There are 2 protein chains.
Amino acid sequence: MSGAVDPGYDPHAFEPFAVTVDLAVFTVRGGALHVLLIRRGQEPYAGSWALPGGFVLPRESAETAARRELAEETGLPEQVVAALHLEQLRTYSEPDRDPRMRVVSVAFTALVPDLPEPAAEGGGDAAQARWLPLGEVPDLAFDHAVILADARMRIRSKLEYTCLATAFCPPEFTLGELLAVYETVWDTVLDRPNFRRKVLTTPGFVEAVPGAARLTGGRGKPAALYRAGPATALHPPLLRPEGPTP
Amino acid sequence: MSGAVDPGYDPHAFEPFAVTVDLAVFTVRGGALHVLLIRRGQEPYAGSWALPGGFVLPRESAETAARRELAEETGLPEQVVAALHLEQLRTYSEPDRDPRMRVVSVAFTALVPDLPEPAAEGGGDAAQARWLPLGEVPDLAFDHAVILADARMRIRSKLEYTCLATAFCPPEFTLGELLAVYETVWDTVLDRPNFRRKVLTTPGFVEAVPGAARLTGGRGKPAALYRAGPATALHPPLLRPEGPTP
DNA sequence: CCTTTAATAGTCACTGTGACTATAAACAGG
DNA sequence: CCTGTTTATAGTCACAGTGACTATTAAAGG
């Protein structure tokens, strides 16, 4: 616990820890799950791709730092960043994960709708930011490949028993778009009518927008629009077809 | 990420962070969920109860530190501690959670069978360690009440979709004991035959110990013995009666 | 118009579960 | 030794939720 040992503990007595945050920010675009990556400008791993993130400042919590870094590196307005779904994933603390010094990193997962185009240059850190499909992600700096894999597993399983999928959608969406989120994240094909039945009979998952409908890219019958409902958990869950973690 | 900013970063340049681990160690004893607490010997919060834990050493990962602290403060043999179920809960990083300095704490949850009697004195830190039923937990030091509440919520929901409940049982156990784990953690009463059917038809949840049986405290028909099976996830899950988090 | 595409409606069989009844095997006490 | 109590184990029945499928509706395009 915080201070079982503390004989007049001197903060500068030994090599200190640095604390950082790393962000695995996902979006669904064009039928593929994308993750936000930045290209590193400095050593170590200069030129490599990495997850966005940075140091936690002395008066910040890890979550505050995560939102600040995300705003800086994506150029999204603070207000948008303040509202989006951000969730702690886990903390990575292997002693040699950073070659320079002891760095403990708190990793977060964020889900955003497709809309925001990278707009990376706002940050100023000269690092370029891009959305990359998971299939095209190159080797990453530090242990970020592990973090990314953990984050992916986490969201795959969270879609099963939470209403998180709506975080990938714009404020108003069609059930076809929501279906596409599930199919993309799980990399499966779901039965459309069954999916519809499940979503609509789960209380609080989605709410119909009265009278609204949208033409789905020109083809087919217009779809009704829905908003995310107040529910956060799915009882019973919406299990994906195959095993727990294919 | 770990080092987007790093202009020849000087480790001693600013007030450093300390990194600690906190442990929420649970056991089921006598129909009540118990948590392991220690009484603090020093300020701050001297005399208060707190979760066991301590500083992460310069060459340790958080998980290594958690196992070491647990061994020190419970007196359990290293070998037992090395094998038990330990899982990262989340990291607590509010700037003022420790009045002395900036402390970021990685919290863990551990589940142990009833057997180990506190045996706290082995540690030497003079702090006394005790198992307390959750209903009798007093005010805790720092933000440990929050950590404990989070840990409790986590294990309650993990019993639903993982095989974790066996971690509360000795190596060989009866289905009645496993049932008691669920009933204690969820604070509900489950139908015995239905529970039995569910556990036995879930592949890999438990394995029968051939020919073995145990007298259940003298009363009633002897029960067959089982061991934990290889499965880790429960598909479909074993949902608790009421809402998601009562 | 007729075809294509996607949304929406509805059907049917099966699986898993909740509620419940029945039997078996130990012990306690008269 | 019989009887009641306790706990384990076996089995039944009805219903909810789901997977697989078929049918209909409403748009766009040639």
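Values below: every heavy atom of this structure, side chains too, minus hydrogens, waters and symmetry copies. Being a predicted model, the structure only gives us computed values, none of them experimental. Residue numbering restarts at 1 for every chain, and letters A, B, ... go by the order of the sequence lines.
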Measure [atom1]/[X] against [atom2]/[N] and give the value in whole Å, please.
X        : N      : atom1 : atom2 : result
A:Leu238 : D:dG19 : CG    : C1'   : 12 Å
A:Glu183 : C:dA6  : CD    : C1'   : 13 Å
B:Leu239 : D:dA16 : CG    : C1'   : 13 Å
B:Arg219 : D:dT3  : CZ    : P     : 19 Å
A:Leu190 : C:dA6  : CG    : P     : 16 Å
A:Tyr161 : D:dG17 : OH    : P     : 21 Å

*asked:* Quick check: on DNA chain C, is the nucleotide nearest B:Pro237 upstream (toward 5') of the one nearest A:Glu177, or the reverse? Name the residue that is more 5'.
replied: A:Glu177

*Tell me, for nucleotides 8-14 of chain C in 5' to 3' order, what letter each nucleotide earns: B for a base near a protein heavy atom under 4.0 Å, S for only sugar-phosphate near one, - for neither?*
BBBB---

*Think B:Lys198 has a side-chain N or O under 4.0 angstrom from the OP1 or OP2 of C:dG16?*
no

*Not counting sequence neighbours, which residues clear side chain to side chain contact (heavy atoms under 4.5 Å, CB included) with B:Thr202? List them please.*
B:Lys198, B:Phe205, B:Leu234

*asked:* Does any part of the side chain of B:Val189, heavy atoms only, come nearer than 4.5 Å to the side chain of B:Pro241, both counted from C-beta?
replied: no

*Reported OG1-to-CZ distance for the pair A:Thr184 and A:Phe168, which is rounded to 0.5 angstrom*: 9.0 Å

_Would you say A:Asp22 and A:Tyr92 are linked by a side-chain donor-acceptor pair, where the criterion is simply a distance under 3.5 Å?_
no

_Can you list everything that forms a side chain to side chain donor-acceptor pair (under 3.5 Å) with B:Arg154? Sequence neighbours excluded, please._
B:Glu87

*B:Glu172 side chain to B:Val209 backbone, donor-acceptor under 3.5 Å*: no

